[in-house]
Amino acid sequence: MIKVAIFGFGTVGSGVAEVLDVNHDEILKRTGIDIEVKYILDLRDFPGHKFESKVVHDIDMIINDPEVLICCETMGGKRVAYDYSRRALEAGKSVCTSNKELVEAFGPELIEIAKEHNCSYLFEASVGGGIPIIRNIMNCITADKIESITGILNGTTNYMLTKMDREGADYAEVLKEAQDMGYAERNPEADVEGHDAGRKIAILSSLMCGKNVAYENLYVEGITSITSVDFMYARKLGMSIKLLGQSQMVGDKVAAMVSPCLVKKRHPLYMVNDVFNGILVHGNMLGDAMFYGAGAGKLPTASAVCADVVAVAQSMGKHLSCNWSAEPAKQMSVDDMTKQFLVRVKADSAAEVNALFGDVTYIDLESQPQERAFMTDVMSEKEFADCYAKLTGAISRIRIA
Ligand code: HSE
């Protein structure tokens with residue numbers, strides 16, 4: 001029997017306890033391994049809860065118990081979660097986590113500590129919720145050079161953008177609805193400003209190149225400036241707007257960023273709607289492979305944590321390696337990345353548009369006679385930013401995927 005401890009009995013932690021309980025016999029039947037939760041570490045008590053008797057408040061009880069071989073870190077945050085994860089690994093206990101903030105900031109260090117103590121640090125649930133994307137990148141697409149990863153990596157913002165697209169609703173309206181539905185937090189900044197997607201594309205980029213891609217060095221733009229008029233242009237062009245994390249190898253550099261993008265109907269991520277996530281991986285031999293599924297939520301995320309628990313349980317006494325070193329990856333400056341843009345301008349801007357961007361074809365909306373839009377050629381972000389700064393009639397711009 002393998003005994004497990006759960007750090008943090010919040011949404012994901014309680015989901016982990018539920019998955020291991022409800023699917024205990026299924027896991028036993030499929031793997032021959034009997035997995036049981038021995039401790040749940042939390043500051044709170046849970047009187048009357050089914051797992052009340054497993055709740056403890058002292059991390060030392062877990063660290064000093066040789067029976068506990070696997071810890072699930074579902075606390076979130078960086079400080080205490082780092083301390084507890086480190087102590088567990090140093091005691092030779094594997095750690096499986098959903099904590100993308102901690103993984104992004106300390107992944108290579110914690111993987112190295114796991115290696116030194118012959119145990120594992122696994123983080124499937126940190127990206128894509130229940131979608132098995134990390135295991136696929138690390139253990140399945142192993143005969144390829146991965147050349148790019150593009151993803152809809154945040155369920156909350158995808159739900160909001162889908163609603164704006166389908167209902168013509170405005171940003172503030174859908175944010176309130178997402179909060180009322182419990183998808184968006186009361187403080188939605190991490191999701192709507194793109195930080196959550198940024199951390200996830202940083203993790204995926206690191207796994208793509210084997211070195212550390214720091215989130216702090218990424219250009220990250222959220223969805224707070226997207227309006228219902230942007231969606232009117234998108235619809236007229238047969239496109240939608242998605243918050244994309246994009247990462248590409250350009251020579252030995254990683255070009256990664258997060259921003260809202262116009263996505264054409266034929267793009268594989270066009271049909272990824274609502275709270276779902278989609279991740280498109282391009283390998284030099286494989287071509288494209290797309291991973292789609294529940295990108296957030298208690299049970300999908302817990303399912304991914306538990307799949308890591310099973311993976312560790314199936315290879316007890318071995319370190320499960322991960323191609324992610326602490327060496328900083330060479331990251332391409334956003335200025336040098338190239339993109340095409342849709343630019344909205346005041347209706348009387350033709351002369352300056354022509355002077356700055358040359359001959360362009362305009363897209364007009366009957367309902368918005370005071371403005372029009374045009375698409376640029378593919379140009380560098382720097383070249384575009386310089387021209388756009390001079391465009392006095394500019395209203396807004398959005399990248400095209
Ligand atoms: N806030 C995240 C999302 C949760 O909406 O995708 C899953 O990481």
Side-chain angles (χ1 to χ4, degrees), residues 8 10-16 19 72-78 81 96-105 107 122-135 137 149-164 171 174-207 215 218 220-224 226 241-246 258-261 269 272-280 291-308:
T11 306
V12 181
S14 59
V16 169
V19 171
C72 300
E73 187 273 294
T74 52
M75 305 166 67
K78 281 197 282 196
C96 306
T97 185
S98 56
N99 186 343
K100 60 224 157 187
E101 219 186 326
L102 188 70
V103 172
E104 187 280 321
L122 299 188
F123 44 90
E124 181 60 70
S126 64
V127 180
I131 306 171
I133 180 62
I134 290 178
R135 190 160 291 107
I137 290 176
I149 301 177
T150 308
I152 293 173
L153 299 166
N154 184 266
T156 304
T157 48
N158 204 39
Y159 171 83
M160 291 171 64
L161 292 173
T162 303
K163 274 213 121 35
M164 287 176 81
Y171 173 82
V174 293
L175 174 60
K176 185 169 178 317
E177 206 177 314
Q179 285 172 323
D180 291 346
M181 299 276 293
Y183 292 139
E185 309 271 346
R186 285 293 135 196
N187 176 1
E189 192 183 325
D191 292 320
V192 298
E193 298 288 1
H195 304 308
D196 178 78
R199 292 196 177 94
K200 291 167 177 168
I201 198 68
I203 294 169
L204 294 178
S205 302
S206 300
L207 296 175
Y215 159 68
L218 298 189
V220 172
E221 186 180 310
I223 64 161
T224 52
I226 301 295
I241 300 172
K242 304 287 187 190
L243 183 67
L244 296 187
Q246 297 177 286
V258 172
S259 71
C261 286
L269 293 171
V272 176
N273 287 315
D274 301 308
V275 285
F276 288 95
N277 282 192
I279 301 146
L280 186 65
F291 302 87
Y292 169 82
K298 171 177 167 169
L299 291 176
T301 310
S303 158
V305 175
C306 295
D308 278 348

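Counting convention: from 1, in listed order, for ligands and their atoms alike.
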Is there a side-chain contact between Asp308 and Arg135 (heavy atoms, below 4.5 Å)? yes
Is a side-chain donor or acceptor of Glu73 paired with a backbone partner of Gly76 at a separation under 3.5 angstrom? yes
Please write down residue, atom name and distance for the protein heavy atom closest to atom 5 (O) of ligand 1. Thr156 OG1, 2.6 Å
Purely on distance, is any nitrogen or oxygen of Gly155 under 3.5 Å from one on ligand 1? yes
In the protein, which heavy atom is nearest to atom 1 (N) of ligand 1, and how far is it? Asp191 OD1, 2.9 Å
At a 4.0 Å cut-off, with the gap strictly under it, does some heavy atom of Lys200 reach an atom of ligand 1? yes
Mutual orientation of the aromatic rings belonging to His195 and Tyr215 [parallel < 30°, tilted 30-60°, perpendicular > 60°]: perpendicular
If you round to the nearest 0.5 Å, how far is CG of Leu243 from CG of Leu161? 7.0 Å
Where's the contact between Lys100 and ligand 1, heavy-atom distance under 4.0 Å: side chain, backbone, both or neither? side chain
Tyr183 backbone acceptor or donor facing Thr156 side chain under 3.5 Å: yes
Ligand-side contact atoms (ligand 1) for residue partner Asn154, heavy atom cut-off under 4.0 Å: 1 (N), 2 (C), 3 (C), 5 (O), 6 (O)
